[in-house]
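All remarks here apply to the structure that follows.
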2 protein chains.
Amino acid sequence: MKKETRKEQIIQISAKLFKDKGYAAVSMRDIAKELDIKAASLYNHIESKQDILKIIIISLAEEFTKRMTVIYSSNENNISKLHQIVALHVDIAYRNQYEMASLNNNWMHLENGITYYLELRNSYEDNFRAIINNGVQSGELINSNPEVTLFSMLSTLRHLYLWIPKMEEINPKELSDNLSKVLINGILNK
Amino acid sequence: MKKETRKEQIIQISAKLFKDKGYAAVSMRDIAKELDIKAASLYNHIESKQDILKIIIISLAEEFTKRMTVIYSSNENNISKLHQIVALHVDIAYRNQYEMASLNNNWMHLENGITYYLELRNSYEDNFRAIINNGVQSGELINSNPEVTLFSMLSTLRHLYLWIPKMEEINPKELSDNLSKVLINGILNK
DNA sequence: AAAGTAGACTAACGATCGTTAGTTTACTTG
DNA sequence: CAAGTAAACTAACGATCGTTAGTCTACTTT
């Protein structure tokens, strides 16, 4: 029952095309052409174009939310939790460069799974926000607007997939360490 | 000869729709419906759908590039230049929330202006990178990977338009100050 | 009042879209 | 070897796409 290779190929090729042109601008014929088959043949493996998008986005969103819950619930201090969040994003971004683009830019085209997706995203963001607020309360973090801190970190982490291909000389561990320093300690030499 | 109001309306409504659904998913009939006219009537004011996208993106990219050149060429120190870059992005993001989305997510759909757009973007990024590198060399900035610093700041600044509507209680000056602190000084309480 | 014009309209074009139905091919299983 | 099946194919559907051509209306300018 491990015959899902063709379906997985379709998902992967679709994610790549969605990254380059966006969901709406990619046709079933585009996807089929990449696999050297006709568009109608895709339907032997997937239910619809929507089906493809849903699989890409929901599986990734679930991984983010699950792993964020683990970090949030751990006994570490809040600074350490922020380091783990950075490492989480670097890990996922390295392994899912194309899928990340759909998560960021194509979720609004979800027709059936959009409510569930937004629940996952809200859960993720709420945990992130709580860690920052706890860090401020405990005195670990400076008392600046927590929403700005959240926004700044999230914007950087969510778009890692755009820069990883440009930074070929750096490995995931190095990137994670560098990013933690820049995001948390700042860039000032003092 | 100031009769461009209708054209400007079309551009503005289009930018708004492009932000919500992306260029490819917005039809000329969608744009027309927002203005309570028929799609064919749009062509009394604009040349094509491409024309709309080009106007939105190129005018914004030119403003970024021009103002970045001014900052780069000034006599201030590099930290001060970074503060000015933050203020530049906050200023533009507040006044062009919809257009920023096209700049970030729809530039790949430009058919005629894409080379020019990429030149503008590269010029902008090169100046930004040079300021960071100069700051490292002069000892103003920590000697971490400059590409990571650039990426982190740019990711945050480019997606301000997504968060500004969510932070209604903050004004541009406050946002700019907060963001400068977070991006440059870090978030650690030490 | 006449002429010109800005800006809307209807109707239609060829292209492309996602998807379905029915068929064929090639391999695997009994 | 026969039967079954996975996965490709051709052909076509109705819908929608960007755009053009030609027309009408209402206002402005002379």
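Residue numbering restarts at 1 for every chain, and letters A, B, ... go by the order of the sequence lines.
- For residues 34-44 of chain B, there are no salt bridge (charged side-chain N to carboxylate O under 4.0 Å, His left out) pairs, not counting sequence neighbours.
- Counting to the nearest Å, the C1' atom of dA8(D) and the CD1 atom of I46(A) are 14 Å from each other.
- For E174(B), the side chain to side chain donor-acceptor pair (under 3.5 Å) partners are N171(B), not counting sequence neighbours.
- Smallest separation of non-hydrogen atoms from L141(A) and I132(A): CD1-O, 3.7 Å.
- Contacts of F64(A) classified as ring pair (Phe, Tyr, Trp, His ring centres under 6.0 Å), with partners at least two apart in sequence or in another chain: H89(A), Y124(A).
- Near DNA chain C, defined here as any heavy-atom distance below 4.0 Å, the residues from residues 18-44 of chain B are R29(B), I37(B), K38(B), A40(B), S41(B), N44(B), listed numerically.
- Under the rule for a side chain to side chain donor-acceptor pair (under 3.5 Å), S176(B) has no partner lying at least two apart in sequence or in another chain.
- For the pair E47(B) CD and dT19(D) P, the interatomic distance rounds to 10 Å; values are reported in whole Å.
- Checking T156(A) against T156(B) by side-chain atom types alone, a donor-acceptor pair falls below 3.5 Å.
- Rounded to an integer number of Å, the gap from CD1 of I10(A) to P of dT19(C) is 13 Å.
- Under the rule for a salt bridge (charged side-chain N to carboxylate O under 4.0 Å, His left out), D51(B) has no partner lying at least two apart in sequence or in another chain.
- Take D20(A) and apply the side chain to side chain contact (heavy atoms under 4.5 Å, CB included) test, not counting sequence neighbours, and it matches no residue.
- Overall, the helix from dA1(C)-dT30(D) to dG30(C)-dC1(D) carries an axis bend of 10° between its ends, with five pairs at each end and the value rounded to 10°.
- Residues satisfying the ring pair (Phe, Tyr, Trp, His ring centres under 6.0 Å) test with H45(B), not counting sequence neighbours, are none.
- Taking a 4.0 Å limit (strictly below) on heavy-atom distances, residues 103-112 of chain B does not reach DNA chain C anywhere.
- Atom pair R6(B):CZ and dC9(C):C1' shows a separation of 13 Å (rounding to whole Å applied).
- In terms of the salt bridge (charged side-chain N to carboxylate O under 4.0 Å, His left out) criterion, residue partners of E125(B) (sequence neighbours excluded) are, by chain and number, R158(B).
- Remark: R129(B) engages D126(B), E147(B) in a salt bridge (charged side-chain N to carboxylate O under 4.0 Å, His left out) (not counting sequence neighbours).
- The nearest whole Å value for the distance from the NZ atom in K7(A) to the P atom in dA6(D) is 14 Å.
- Contact annotation: H45(A) does not reach the phosphate of dA6(D) (side-chain N/O to OP1 or OP2, under 4.0 Å).
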